[in-house]
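The next block holds one structure in the form of structure tokens; read it before the comments.
Lettering of chains follows the sequences in order, A, B, ..., and the numbering in each one begins at 1.
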Amino acid sequence: MSTVSALRRRLDAFLFAPFAATGLGVLRALWAAACLMFFLGVLPHAATLFGPDGLQPSDRVTVSQFWVSYAALLLSLACALVGIWPRWSTILSFLLVLAFHGRNPHAFTAGDGLLRQIGFLLCIAPGIDAFSLARARRQALRFRRHRALLPARTMPAWPYRLLLWTMILFAARALWAMLPGTAWTHGTAAAIVLWHPFHARFPGTVELLASFSRPITLSVPIALVAWIALLIPHPLPILRRVALVLTALLALGAWLFLAIGTLPLALLAACCGLLRESDRAALRDLLNAKIAGPIVVLYDGECGLCRSVAGLWLTGDWLRRVTAADFRDAGARARFAADLDPAALERAIHIRFPAMGATPARTLSGFDAIRALCRHLPPFWPLFPLLFVPGIPRLGRRIYAWIAANRGCQCGACAI
Amino acid sequence: MRRLARPLIALFLLWHVTAVTAAALPAPRPLAALARPYARLTGQRQPPVPFTPDPDATVPFFVIETASGTGWTMAGAVEPARLSPRIRPSIARIAEDVWRPQDPRTEGVVRRFLEDRCEPLLIERGSRVRLRVRSIRMPIAIEIDDTTGAGSLETVDLRFVETTCPAGPSPLSDAFPAAAL
């Protein structure tokens with residue numbers, strides 16, 4: 001009896017132990033991005049590949065119905081990517097992707113098969129709302145009301161285990177299929193793929209890359225073996241990281257240099273989805289190695305808009321570089337802003353940047369502070385270069401000054 | 001109900017993993033036969049493993065020919081390298097199906113593709129056209145340094161698909177860029 005209950009406890013811990021849901025949220029976004037890139041890429045040929053008058057004629061759908069479903073697919077994938085109604089947009093995307101895969105299977109490759117498998121997992125897994133706009137909005141609201149973020153989103157461990165099993169099965173099948181061949185053991189497989197006019201994305205780079213054929217080729221079976229070795233009970237943590245890093249690097253290289261469909265992106269998505277909190281912390285430590293301390297955002301705690309914006313920034317602080325401090329709180333002011341003029345703090349947001357490599361510590365305010373902060377917040381990276389476009393800084397400073405002067409405060413006037 | 005949730009989830013996961021693994025087995029087995037409909041329904045069919053057992057060193061070229069007298073004249077050719085990288089994997093997949101037919105629907109797909117080419121290639125309506133898949137074998141299958149002269153490359157005609165150009169204009173959009181032909 002005790003053996004049965006011990007077994008039950010172990011199974012319970014194996015499948016239902018709390019697990020950070022961030023990886024699954026990242027997986028949802030990357031899965032949707034990979035599908036979206038494919039369906040946007042073939043948009044000019046969509047009617048031929050999938051349309052009722054295309055390569056596979058059909059009487060069951062009209063041309064307008066086809067285009068409506070294609071638009072719905074693109075829209076739902078975009079929503080799943082950024083995380084608007086993440087659950088429903090992911091389910092709708094998966095069903096539509098499945099329908100298009102069934103419509104013309106000839107148009108899809110191995111990567112699309114892997115994406116289909118990941119899509120089903122996302123539909124049934126809890127916690128896919130992590131890393132989404134929906135959650136960012138909730139975080140901002142929570143920070144506005146309580147000056148603290150929601151606790152980290154967790155889920156049971158089973159979606160992670162299922163994704164890992166998908167990858168192990170994929171690796172085992174790939175290794176099994178490679179065994180009868182000779183090119184993988186001779187180290188020439190990468191050269192063949194890179195030279196093949198169907199696969200090479202930039203024919204000019206082929207000769208340069210072909211000289212690395214042997215190490216590239218041999219690293220493929222090594223990565224596959226590392227995945228399969230994860231079946232050993234209590235594998236060394238380094239083994240999982242070898243499998244993840246090697247696969248991610250190979251996928252990234254394949255994506256850059258080969259036109260082989262969505263397989264590289266599907267593999268990259270799976271690798272990111274399998275990152276654990278410890279892996280993400282290790283990655284962050286690596287990226288933050290040259291930063292001497294936290295970036296301190298001195299916001300106005302009496303202003304609702306300021307609290308919402310600070311909450312949004314903290315939500316986007318994926319690299320864990322930012323600390324938000326309410327300058328109206330005497331303790332926080334004494335700790336982080338003792339040397340700053342209270343009237344200046346009142347006029348504009350101040351952000352204190354620690355020393356970063358050769359750049360000394362500095363304090364910026366207003367638009368310039370926000371612009372410098374964007375560099376450290378990955379969701380705002382697309383915005384960062386735009387803020388340097390001539391004319392934008394001048395306009396930005398004016399808009400910022402207007403918003404800061406007209407922001408609402410709980411106690412009427414914004415005075416310390 | 002809450003007490004039942006975990007055992008039910010565990011049972012479903014056990015079934016799912018077993019079914020997906022069984023459906024991935026190459027040889028037909030009783031469990032695989034049972035699992036395949038589930039795998040198909042949930043999109044869990046195992047994807048093909050690319051570049052196995054070896055990456056194919058065969059480069060296919062698609063030559064479109066029209067009937068003239070007793071022989072055939074070349075009207076155009078699909079050159080994969082000139083297709084957009086975004087559409088190339090799909091065309092490559094169709095091409096792969098053409099020379100290694102596994103799906104009965106392939107023939108129809110290829111015929112349709114061929115009919116679509118009649119108008120851009122100015123082939124008269126009602127003319128007989130055929131798609132000839134020619135292939136050359138790259139001289140790097142085993143050793144990279146094995147540089148055989150291009151003139152001596154092995155050329156093989158693999159498969160023909162024949163059809164008649166449709167009477168009206170092709171209903172397909174000008175999907176495959178004219179530059180590819």
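- Annotation for Ala174(A) and Thr52(B): closest pair O-CG2, 4.1 Å, computed over non-hydrogen atoms.
- Evaluation of the side-chain contact (heavy atoms from CB on, under 4.5 Å) rule for Ala157(A) yields Phe19(A), Arg161(A) as partners, not counting sequence neighbours.
- By the 6.0 Å contact criterion, CZ on Arg128(B) is enclosed, its count of non-hydrogen atoms from other residues, nucleotides or ligands being greater than 12.
- The two residues Val193(A) and Pro55(B) make their nearest non-hydrogen contact at CG2-CB, 3.5 Å.
- Closest heavy-atom contact between Leu169(A) and Ala24(B): CD2-CB, 4.3 Å.
- The side-chain contact (heavy atoms from CB on, under 4.5 Å) test applied to Leu34(B) returns Leu31(B), not counting sequence neighbours.
- Note: Pro57(A) leads Pro57(A), Pro180(A), Gly261(A), Gly51(A) in heavy-atom pairs under 4.5 Å with chain B.
- Near-neighbour residues of residues 110-118 of chain A relative to chain B, defined by a heavy atom under 4.5 Å from a heavy atom of that chain, comprise Ala110(A), Gly113(A), Leu114(A), Arg116(A), Gln117(A).
- Only the side chain of Phe94(A) comes within less than 4.5 Å of a heavy atom in chain B; its backbone stays farther off.
- Taking NE2 of His16(B) as the start and CG of Leu121(A) as the end, the distance is 7.0 Å to the nearest 0.5 Å.
- Ranked by heavy-atom pairs under 4.5 Å with chain B, the first of Arg173(A), Met37(A), Met178(A) is Arg173(A).
- Between atom CG of residue Leu263(A) and atom CZ of residue Phe51(B) there is a gap of 8.0 Å, rounded to the nearest 0.5 Å.
- The closest side-chain heavy-atom distance from Phe108(A) to Pro47(B) is not below 4.5 Å.
- Residue Ile260(A) touches chain B through both its backbone and its side chain, counting heavy-atom pairs closer than 4.5 Å.
- Asp54(B) places no side-chain N or O within donor-acceptor distance of the main-chain N or O of Gly181(A), the cut-off being under 3.5 Å.
- Smallest separation of non-hydrogen atoms from Asp56(B) and His196(A): O-CD2, 3.0 Å.
- With chain B as the partner, the residue from Trp165(A), Phe16(A), Trp184(A) showing the most heavy-atom pairs under 4.5 Å is Phe16(A).
- Contact tally against chain B (heavy-atom pairs below 4.5 Å) for Leu258(A), Val220(A), Asp12(A): the top residue is Asp12(A).
- With sequence neighbours left out, Ile124(A) forms a side-chain contact (heavy atoms from CB on, under 4.5 Å) with Phe120(A), Trp158(A), Leu162(A), Phe12(B).
- For a residue to count as touching a neighbouring chain, one of its non-hydrogen atoms must lie under 4.5 Å from one of that chain's; by this rule Leu41(B) touches chain A with the backbone only.
- Note: Thr166(A) OG1 to Gln44(B) CD = 6.5 Å, rounded to the nearest 0.5 Å.
- Rounded to the nearest 0.5 Å, atoms CG (Leu13(B)) and CG (Leu15(A)) are 6.0 Å apart.
- The environment of CH2 in Trp176(A) is sparse: at most 12 heavy-atom neighbours from other residues, nucleotides or ligands sit within 6.0 Å.
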